[in-house]
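Okay, so here's the structure we're looking at.
In this text the structure is predicted, and so the values were computed from the model without any measurement.
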Amino acid sequence: MNTIDTAYTYSRFTKTDKVLFDNSETYGRWTSPITDAMMNTTNVYVVNAQYEGRPDLIANDLYGDPSLDWVLIAVNNATESLNWPSAGNVIKVPSKSLIASELV
């Protein structure tokens, strides 16, 4: 599987329905694949200064894919994701096996 295939597999749009808008096919309103099971089986991660404001680096270290940063943002309800998370923050992190089973 190449990098493009991997990125598509974990894309947030794989579970979003396409809609017709102004005679163009596009994606409808995104619905989060974050389930109650994910919320109830999360681990915690203490953010160090090296990863401050870089959920993509955390996702890359934990999941092997920086494009899964949106999972961390969604699970932690980080509505203001600019410069999130701060050093010292304790964030919720779903296990890699749980993420893969829900998103593939």
For Val46, side-chain contact (heavy atoms from CB on, under 4.5 Å) partners two or more places apart: Val90
Side-chain donor or acceptor of Asn76 paired with backbone N/O of Ala78 under 3.5 Å: no
Asn43 and Ser95, any side-chain heavy atoms less than 4.5 Å apart: yes
Min side-chain heavy-atom separation Asp69-Trp84 under 4.5 Å: no
Nearest heavy-atom neighbours spanning Pro66 and Ala59: O-CB, 4.2 Å
Inter-residue atom distance Leu57.CG - Leu72.CG, 0.5 Å rounding: 11.0 Å
side-chain hydrogen bond (donor to acceptor under 3.5 Å, both in side chains) pairs, two or more places apart, involving residues 46-55: Tyr51-Asp61, Arg54-Asp56
